[in-house]
Amino acid sequence: MKIESNGEEKITVALTTQDLCELDITYDEMDYSNIETRRVIWTILDEARRTLGKAIDTDGRLLIEALPSDDGGCILVFTSLPIFDSKTKKRLIMKKESDPLAFCPFDENAFIDALETLSHLKENIKSCDAVMFNDLYYIIIRPKLTFSDKITHILSEYGNVAEVCKADISTFYEHGRRLSIAPFMSSEPKI
């Protein structure tokens, strides 16, 4: 188990397959509504407190992001979130995937420039597709966990980016026309 502090409000924990085995859980079984997942989370937070000599604030909201790692383990990112009002005082949130992003470029040149930029960010992207829908170009991006903000910020120079739900994505694919962007994204992730 590798534990790192990323500032006052964030802790990253890398778990190997052996760590998951010792904790008696798999990445696929992780779901905060499951009592075993809660046990594992609190065990990891206790270990982080011992290792780092500090505890992450769990009195407010705590975002837990989980993503699988290439070696069969997983990475957990714990972020203490501020409480803005009594309605947002949920204690724990577990997120296993980033929401997809739909990028709509300002024009055709911005579309090409955005694809070129995305080709340099491949290590932060799970998948990427281009679609023409209602006479507009769209790039549907599924960023790796924690990279949505970075990608949104970078692409804002070329157009508008919005988080979309699965139904929106289905509409793009069902009623739009898929475009080949293979020359821009020639290696992983596959298009």
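Residue indices begin at 1 and follow the sequence shown. All values reported here derive from a predicted model rather than from experimental measurement.
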Exercise. With sequence neighbours excluded, what pairs up with Asn160 under the side chain to side chain donor-acceptor pair (under 3.5 Å) test?
Worked result: none

Exercise. Would you say Leu62 and Ile64 make side-chain contact, with heavy atoms under 4.5 Å?
Worked result: yes

For this session: Assess whether salt bridge (Lys or Arg N to Asp or Glu O under 4.0 Å) is satisfied between Glu36 and Arg38, documenting all intermediate values.
Result: CA-CA 5 Å; Glu36 284 303 307; Arg38 292 181 196 186; over 6 Å; no

Exercise. Aromatic ring centroids of Phe103 and Tyr138 under 6.0 Å?
Worked result: no

Exercise. Does the side chain of Asp129 come under 3.5 Å of the side chain of Tyr173 through a donor N or O and an acceptor N or O?
Worked result: yes

Seminar exercise, completed: Ala130 and Phe111 have their tightest heavy-atom pair at CB-CZ, 3.9 Å

Problem set entry | Distance-only donor-acceptor check, side chains Asp71 and Ser69, under 3.5 Å | yes

Problem set entry | Residues in side chain to side chain donor-acceptor pair (under 3.5 Å) contact with Asn124, at least two apart in sequence or another chain | none

Problem set entry | Glu22 atom CD, neighbour heavy-atom count above 12 within 6.0 Å | yes

Exercise. Roughly how far, to the nearest 0.5 Å, is OH of Tyr158 from CG of Leu115?
Worked result: 10.5 Å

For this session: Apply side-chain contact (heavy atoms from CB on, under 4.5 Å) to Cys74 and Leu67, showing your working.
Result: CA-CA 6 Å; Cys74 74; Leu67 64 149; over 6 Å; no

Problem set entry | Over all atoms of both residues, closest heavy-atom pair of Ile169 and Pro100 | CD1-CB, 4.0 Å

Exercise. So, does Lys10 use its side chain to make a donor-acceptor pair with the main chain of Phe78 at under 3.5 Å?
Worked result: no

Exercise. Mind checking whether Leu20 and Leu15 have side chains closer than 4.5 Å, heavy atoms only?
Worked result: yes

For this session: Decide yes or no for Ile3 and Ile11: does some side-chain heavy atom of the first lie under 4.5 Å from some side-chain heavy atom of the second?
Result: yes

Exercise. Just by modelled atom types, is the Ala48 backbone N or O under 3.5 Å from a matching donor or acceptor in the Thr51 side chain?
Worked result: no

Exercise. Shared ILVMFWY cluster between Leu52 and Trp42, side chains joined below 4.5 angstrom?
Worked result: yes

Exercise. Would you say Asp19's side chain and Met1's backbone share a donor-acceptor pair under 3.5 angstrom?
Worked result: yes

Exercise. Of Ile139, Leu101, Ile141, which is the lone residue that meets side chain to side chain contact (heavy atoms under 4.5 Å, CB included) with Leu155?
Worked result: Ile141

Seminar exercise, completed: Note: Leu136 and Cys104 closest approach over all heavy atoms is CD1-SG, 4.3 Å

Exercise. If only atom types and distance count, is the side chain of Glu29 paired as donor or acceptor with the main-chain N or O of Thr26 below 3.5 Å?
Worked result: yes

For this session: Determine the sole option in Thr37, Ile41, Thr43, Asn34 for which the side chain to side chain contact (heavy atoms under 4.5 Å, CB included) test with Ile25 is passed.
Result: Thr37

For this session: Could you tell me whether Arg50 atom CZ has more than 12 heavy atoms of other residues or ligands within 6.0 Å of it?
Result: yes

Exercise. How far apart are the closest heavy atoms of Glu108 and Tyr137, and which atoms are they?
Worked result: CG-CE1, 3.5 Å

